[in-house]
Amino acid sequence: MKASIVLSDFRVDFPNFSMGPIELDVRAGERLALIGANGAGKSTTLNAIAGRLTEYRGRVEVGGEEVVAQAHRVRESVGLLPERLLGFGWMTVAEHIAFLSNFFPTWDKKHATELLDRLALPAKSKVGTLSKGMQIKLALIGAEAFRPPILLLDEPTSGIDPVMRGELLAVIADCAPRGGERIVVFSSHILEDVERIADRVVLLQSGSVICDMSTEALQATEPGTPISELLYSRLTPHG
């Protein structure tokens, strides 16, 4: 399945939150950041693309196929690092990775081992004893090791120390190099991370898109100003 994401007239209604309509078209090779405050709709959007959210109006397509109608094919094409990390606490890291490998025909055992070594994850440690940063690293392996054409990352660097953030961002950048065929969509409220990874940003506010542009175009609005500062000014009430 070729990497592409299309949201058309996407709308979601929760008891205390409504989102949309959203129009979004992401093509192969793009590294897109979803930016916004908590509750802006970032996780909702990612879950819809991953097929985890089925109660919506409009259309969500991955690789030209509607995600609800083709849920099995979508799952094989989309790797998701979720906002809420899942895992069996009694398993070791190695057992958890081996368990996940059973669900993906394209699982690359060598790639998983390389990521395990690069991220310095202790293979014999119990999942339940890992720090938040280590759990995020493990979740990244689970999302990436079967080499999906689309990689979705929900707040991958939230709540971890700067050194570990740097390690994770370097792995993400290497897994989906600029000019490649893969799509990376990640949500974040750490604007410096966006500046390092993204080539396109979509700003969400109260369930609506208030800005969608390339980082190059954004930079051109105020040459010399850091991308993080430009994003911050657009997200604040007086921006």
Side-chain angles (χ1 to χ4, degrees), residues 3-7 10-12 14 17-27 29-50 52-53 56 60 78-85 136 139-140 143 150-160 162 164-166 168-173 175-176 178 182-239:
S4 67
I5 300 169
V6 178
L7 275 64
F10 175 70
R11 304 169 188 255
V12 180
F14 296 121
F17 174 70
S18 292
M19 183 173 183
I22 302 292
E23 303 289 334
L24 186 65
D25 191 336
V26 190
R27 296 301 169 185
E30 288 194 281
R31 304 201 304 197
L32 182 146
L34 292 176
I35 312 300
N38 291 336
K42 302 187 300 295
S43 295
T44 299
T45 302
L46 291 176
N47 284 328
I49 296 169
R52 292 192 172 196
L53 175 70
Y56 59 81
V60 181
V78 176
L80 173 67
L81 191 162
E83 181 182 27
R84 292 183 176 85
L85 303 176
I136 291 173
L140 178 59
I150 297 173
L151 188 60
L152 307 178
L153 309 170
D154 198 352
E155 300 281 1
T157 59
S158 178
I160 60 176
M164 193 171 290
R165 272 175 53 208
L168 285 170
L169 291 172
V171 170
I172 293 167
C175 287
R178 285 190 169 89
R182 303 182 74 189
I183 286 175
V184 173
V185 181
F186 70 101
S187 66
S188 182
H189 61 271
I190 303 174
L191 302 183
E192 292 79 8
D193 292 355
V194 175
E195 186 169 12
R196 180 170 173 178
I197 296 295
D199 51 39
R200 177 181 169 192
V201 291
V202 170
L203 277 60
L204 292 170
Q205 192 171 78
S206 302
S208 297
V209 173
I210 62 171
C211 178
D212 180 353
M213 64 171 57
S214 69
T215 53
E216 183 179 5
L218 181 61
Q219 183 72 77
T221 63
E222 293 186 39
T225 303
I227 295 291
S228 56
E229 291 185 21
L230 295 174
L231 291 171
Y232 179 78
S233 69
R234 289 172 179 266
L235 287 169
T236 54
H238 303 291

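These numbers come from the heavy atoms of this one structure, side chains and all, not from hydrogens, waters or symmetry mates.
- For A217 against M213, the heavy-atom pair with the smallest separation is C-SD, 4.1 Å.
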**Request:** Decide side-chain contact (heavy atoms from CB on, under 4.5 Å) for I136 and M164; before the verdict, give the C-alpha distance in whole Å, the side-chain angles of both, and the deciding distance to 0.1 Å.
**Result:** CA-CA 10 Å; I136 291 173; M164 193 171 290; over 6 Å; no
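- A donor-acceptor contact shorter than 3.5 Å links the side chain of K42 to the backbone of A37.
- Between V60 and L53, the closest side-chain pair of non-hydrogen atoms is not below 4.5 Å.
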**Request:** Quick one: do I227 and L231 satisfy side-chain contact (heavy atoms from CB on, under 4.5 Å)? Show the steps, please.
**Result:** CA-CA 6 Å; I227 295 291; L231 291 171; 3.8 Å; yes
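- The minimum heavy-atom distance linking S188 with E155 is given by the pair CA-OE1, 3.5 Å.
- Minimum heavy-atom separation, S208 to G20: OG-O, 4.4 Å.
- You'll find the side chain of L153 reaches within 4.5 Å of the side chain of L140, heavy atoms only.
- Using modelled atom types, one side-chain atom of R31 and one backbone atom of I197 make a donor-acceptor pair closer than 3.5 Å.
- Taking every heavy atom of both residues into account, L46 and S187 meet most closely at CD1-OG, 3.9 Å.
- Taking 4.5 Å as the limit, some side-chain heavy atom of L24 sits within range of a side-chain heavy atom of L32.
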**Prompt:** Are I49 and L7 close enough, and set up right, to give a side-chain contact (heavy atoms from CB on, under 4.5 Å), and what steps lead you there?
**Reply:** CA-CA 8 Å; I49 296 169; L7 275 64; 4.0 Å; yes
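- Remark: the backbone N or O of L151 is not paired with any side-chain donor or acceptor of R182 at under 3.5 angstrom.
- Contact detail for L80 and A50: the closest heavy-atom pair is CD2-CB, 3.9 Å.
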**Message:** Between F186 and V194, does the side-chain contact (heavy atoms from CB on, under 4.5 Å) criterion hold? Intermediate values first, please.
**Reply:** CA-CA 9 Å; F186 70 101; V194 175; 4.2 Å; yes
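- By the 4.5 Å heavy-atom criterion applied to side chains, L204 and M19 are counted as neighbours.
- One finds the CG atom of L169 at 8.5 Å from the CD1 atom of I190 (value rounded to the nearest 0.5 Å).
- Between the side chain of Q219 and the backbone N or O of P226, no donor-acceptor pair lies under 3.5 Å.
- Counting only residues at least two apart or on different chains, no salt bridge (charged side-chain N to carboxylate O under 4.0 Å, His left out) pair has a member in residues 221-233.
- Considering L152, L203, V202, V209 as possible partners of L34, the one that fulfils the side chain to side chain contact (heavy atoms under 4.5 Å, CB included) test is V202.
- Applying the salt bridge (charged side-chain N to carboxylate O under 4.0 Å, His left out) test to residues at least two apart or on different chains, the pairs with a partner in residues 194-205 are E30-R200, R200-D212.
- Summarising the geometry of H189 relative to S158, their closest heavy-atom pair is CE1-OG, 3.6 Å, with the distance given to 0.1 Å.
- Listed by chain and residue number, D13 satisfy the side chain to side chain donor-acceptor pair (under 3.5 Å) test with S18 (two or more places apart in sequence, or in another chain).
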